[in-house]
Structure formats: structure tokens, C-alpha cells
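Throughout, a chain's letter reflects where its sequence line sits, starting with A, and its residues are numbered from 1. Quantities reported herein were computed from a predicted structural model and do not represent experimental measurements.
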Number of protein chains: 2
Amino acid sequence: MAAAHTDRSSAVKDSIRESARRLFTERGFEATGVRDIAADAGVNPAIVIRHFGSKERLFVLSIDAPAKWQAMLEGPLETLGERATRALLRNQRNGLPIWGAMVRASGRADIHEHLKRSVVALFAETLVDRLDGPDAELRAHLFAAQLVGIMSALVVYDDEFVMSAPVESVVMYYGRSLQLTLTPNIDPGKRQDLT
Amino acid sequence: MAAAHTDRSSAVKDSIRESARRLFTERGFEATGVRDIAADAGVNPAIVIRHFGSKERLFVLSIDAPAKWQAMLEGPLETLGERATRALLRNQRNGLPIWGAMVRASGRADIHEHLKRSVVALFAETLVDRLDGPDAELRAHLFAAQLVGIMSALVVYDDEFVMSAPVESVVMYYGRSLQLTLTPNIDPGKRQDLT
DNA sequence: GTCTATAACGTGATAGAC
DNA sequence: GTCTATCACGTTATAGAC
């Protein structure tokens, strides 16, 4: 029936997607040609376009990360700043680089839209319901902005100093700064000089 | 001296640079063709390359911002978090967008290098000497990362919520978060707003 | 001799014919 | 599914204008 052909077809699609994800991560969006992906997947260049419509769409569809990052936001709010920082540092060689590629490719309308949704929907909207106090929505968005800041340091402009700094130090400073946005009225430190 | 020839030549170069800056800012790096820039400046496409070597180099040379941003970091350290946030929000339609274009074009080696230097040299290294306490260098870099975060929200992934939020609210939350990285042991006394 | 214009090359993505 | 044509791009070779 159609099942056989569908299975074969989707096996090919998976194979293309996997090659795409690997190559996009390694070389970036525009340095990766459709021909390169096709060759890596062992298929003809034209069928890549035929299956995915465009190189742009293939890129978007080859990013899977969301589920993983969503998990990063779980757990108690009071220690989220620390845990999020730690999770990002842990993934700076694995999972994050594709995000760098997405930022760089965000001149393209589709990819820009996807990036926007990744940040806003995934980080900000996931969090807003759990935040207490005034301006919860704004604070969720600003938290997302701060995450993007350190992600950029790690995989967009490659700040070698941050990349090679002791994890515990980064967690201490950046984690606390994130935490201040999440829970501005609870002070994580000992010096609690609330007026 | 060679003034006559230099004047004419540099007038053309200035004209090209200005068209380039405008178009790159409006449309981004790759959506702007060398032919577009040439047409806008009223010159032949080939002389654009002849004068600047490559489109990549022209892009880097058409960014002038550094001096302006350097000024942003001046003034008392104790209120820098607030002032920096305010300055960025004020420039979200003027001066910042070219930075977004630079981020998106950072797949190119030259532009990546320029972005890195813009962030690290301009923000972090300018500040490190003025920071007190432990881990001054790391904190300077993390401060830069936080700046990049909100800049990205404004001109890379275009977080409409942040873009249209009341300036004072953003200044309050993000400014304070930045300040915590700058002066972790001094607590600004404006905390009563939050309780 | 330096600056400018014309025309062409190489390469990339993609659309259409077979 | 495969092959080939098309079109736009950055860039260069070559030769003319001052």
C-alpha cells in the first residue's frame, strides 16, 4: 500500500533532517549548502527542496531543542536563576550552538519568526504564570532577555572569558542576577536590608 | 599634495558608506546587495568593491557607533545599571538596529570578529578597571552579556512586550539586575518600590 | 596613474521538464 | 526522483576616461 512508500519517504526525510541539523550546527546556515546536506544524507539535492520546500524551512524543522529547554525551566522558582545558568553552561557545546546558528540566520523572515517564538513563547510565556508580584509578564520577558544574553556570550559572539570561567563563579553572579528578576522581593543573599 | 584626487575619492567613499549604513540598517546584511548600495549612492557596483575590498568589509566600516556607546558607560558606577538601560531603550530605533544586523551577519568571520570586539573590548574591557571587589573581570564580561541580552530583545528577536513596556518599569527591573553584577555588595536603596 | 564603467565568471538556491 | 535551466548574487578582468 501507501505505507511502504510512506515509510521509505519518511526515512529519507529523517535522514535529511539529521544531516541538516549536524551541518547547520557545525557550519551555520548559509555556509551549509543544500548540496552538502544532500550529499551527507546520500540523496539528490533536488529532493531536499522537494521534501521541505526550501532550505529555510528545512532549517526550522531541523531544530528540536524546545522540549529540552522547557525542562530547564521546571523546578522551584527560588533556585531557577542558578539552575538555568548551570544548564546553559553545561550545554555550551551541545544543544546551544544550533541556537547561535538560528540567531545568525534570523535575517530570514521564517527563521526570525521561529527565533522570536522560541524565546518569547518558550521562555517568557512558560514562566509568566508562575511568577508572583507586580509586572509578572514584563519580568518573565526580561528574564528571557537575560538568558539570551549569556547564550549569546556562549555561542554568538563567543566571549572566551565567560566560556572558560569557573562554572561556580558564573552561576554565582549571573544566576543571582537572573534570580533578582524572577523574585525581586526575596533576596537570595544574606544581606537582607529590605526597608 | 594629493588633496584634489583624495577629496573626490573620499567623497565617493563617504557617499557609499552612508548608503551602505542606511540600507544595511533597514534591510540587513544579506538582503542588501552591492548593486543596491551602488545604485543608492549613484555609483557603479564594481567601484564599491574596489574601494572597500568586499561587502563584508564595507559593512564593518559602515558601523560607527562605538564612540556613542562608550559614552554610555561613563558616569558614576553606582547608577550605571539604570543609565545603561535607559540609554538602550532610548536608542532602540536609532543606532541599535545596525547592531542587530551585525549579530545576524556574524556567521562571516570578519563580522564575527568585529562583533566580538564590539562587545568584549567596548563594554567589558572599558569597565573592568573601574570595578571593585572579587572577579572584576568576570563581572565586567557578565555585565556585557546582560547588555547584549536586552539589546537582542530590542533588535534581534524583537520582543514586542519589552519594546513597548513603560521605560521606567524596564529600567527598574533590568537596571537593578545589571547593577547587581556591577556592584554586588552595594545595595541600591530604592528597594521600597518592590515591597 | 588613479578612478570608473562594461561585461563576464563562478556559485548558490530553486523551478520545471523528463 | 533525476537532470538541467534560470536567475540573482558577490566578485573580477579588462579596458576606457580624466
Side-chain angles (χ1 to χ4, degrees), chain A residues 2-17 19-21 23-24 26-62 101 104-112, chain B residues 1-21 23-24 26-62 101-102 104-112 114:
Chain A
H5 133 272
T6 298
D7 281 355
R8 196 165 44 110
S9 171
S10 77
V12 170
K13 284 181 81 165
D14 287 347
S15 156
I16 292 172
R17 215 186 341 245
S19 295
R21 194 186 45 72
L23 293 176
F24 282 140
E26 286 171 9
R27 311 178 190 173
F29 177 78
E30 65 170 15
T32 304
V34 172
R35 287 166 176 80
D36 301 333
I37 297 169
D40 191 89
V43 302
N44 192 280
I47 97 166
V48 172
I49 299 292
R50 187 165 183 82
H51 275 310
F52 291 94
S54 71
K55 180 182 161 185
E56 213 168 305
R57 220 172 95 80
L58 169 59
F59 179 73
V60 166
L61 292 176
S62 69
R104 289 192 251 260
S106 66
R108 261 95 173 181
D110 280 14
I111 298 177
H112 177 264
Chain B
M1 39 192 154
H5 120 273
T6 300
D7 280 357
R8 195 165 47 108
S9 171
S10 77
V12 171
K13 284 182 81 166
D14 286 347
S15 157
I16 293 172
R17 220 190 330 252
E18 193 184 320
S19 295
R21 194 186 44 71
L23 293 176
F24 281 141
E26 285 171 9
R27 311 180 191 173
F29 177 78
E30 66 171 16
T32 305
V34 171
R35 287 167 174 82
D36 301 331
I37 296 169
D40 190 90
V43 300
N44 194 278
I47 95 167
V48 172
I49 299 293
R50 182 161 187 85
H51 275 309
F52 292 94
S54 71
K55 181 184 164 186
E56 213 168 307
R57 219 171 94 82
L58 169 59
F59 179 74
V60 166
L61 291 177
S62 68
M102 184 163 60
R104 290 192 253 259
S106 66
R108 261 93 172 184
D110 280 13
I111 297 177
H112 178 266
H114 191 76

Query - Spacing of S19(B) atom OG and D14(B) atom CG [to the nearest 0.5 Å] - result: 11.0 Å
Report summary line: In whole angstroms, the gap separating C1' of dT14(C) from CG of L58(A) amounts to 14 Å
Query raised in the report: dT14(C) C1' sits how many Å from D110(A) CG, rounded?
Result: 15 Å
Report task. Quickly work out the R57(B) CZ to dG10(D) C1' distance and round it to whole Å. Result -> 16 Å
Report task. Can you run down the salt bridge (Lys or Arg N to Asp or Glu O under 4.0 Å) pairs that involve residues 37-51 of chain B, sequence neighbours left out, and say none if there aren't any? Result -> R22(B)-D40(B)
**Report entry** Side-chain donor/acceptor of S15(A) to backbone N/O of A11(A), under 3.5 Å
**Finding:** no
Requested in this report: Sequence neighbours left out, what passes salt bridge (charged side-chain N to carboxylate O under 4.0 Å, His left out) with R108(A)? Give chain and number order.
Outcome: E30(B)
Report task. Give the rounded distance in Å between these two atoms: CZ of F59(A) and C1' of dG12(C). Result -> 18 Å
Query raised in the report: For N44(B) and dG16(D), what is the distance between atoms CG and C1' respectively, to the nearest whole Å?
Result: 13 Å
Report task. Please state whether the rings of F24(A) and F29(A) are parallel, tilted or perpendicular, taking 30° and 60° as the class boundaries. Result -> parallel
Report summary line: Rounded to whole Å, CD1 of I47(A) lies from P of dA17(C) at a distance of 20 Å
Report summary line: Rounded to the nearest 0.5 Å, the CD1 atom of I37(A) sits from the CZ atom of R21(A) at a distance of 12.0 Å
**Report entry** Axis deviation across the helix from dG1(C)-dC18(D) to dC18(C)-dG1(D), five-pair ends, to the nearest 10°
**Finding:** 20°
Query raised in the report: Can you tell me how far C1' of dA5(C) sits from CD1 of I16(B), to the nearest Å?
Result: 13 Å
Query raised in the report: What is the distance, rounded to the nearest whole Å, between atom CZ of F52(A) and atom C1' of dG1(D)?
Result: 15 Å
Check: protein-nucleotides 11-14 of chain D nitrogen or oxygen pairs below 3.5 Å:
from: dT11(D); atom 1: OP2; to: K55(B); atom 2: N; distance (Å): 2.9

Requested in this report: Report the residues that fulfil salt bridge (charged side-chain N to carboxylate O under 4.0 Å, His left out) with D110(A), sequence neighbours left out, ordered by chain and then residue number.
Outcome: none
Report summary line: Of all heavy-atom pairs linking R104(B) and G107(A), the shortest is CD-N, 3.3 Å
Query - Within residues 53-62 of chain B or reaching into it, pairs that qualify as salt bridge (Lys or Arg N to Asp or Glu O under 4.0 Å) - sequence neighbours excluded - result: none
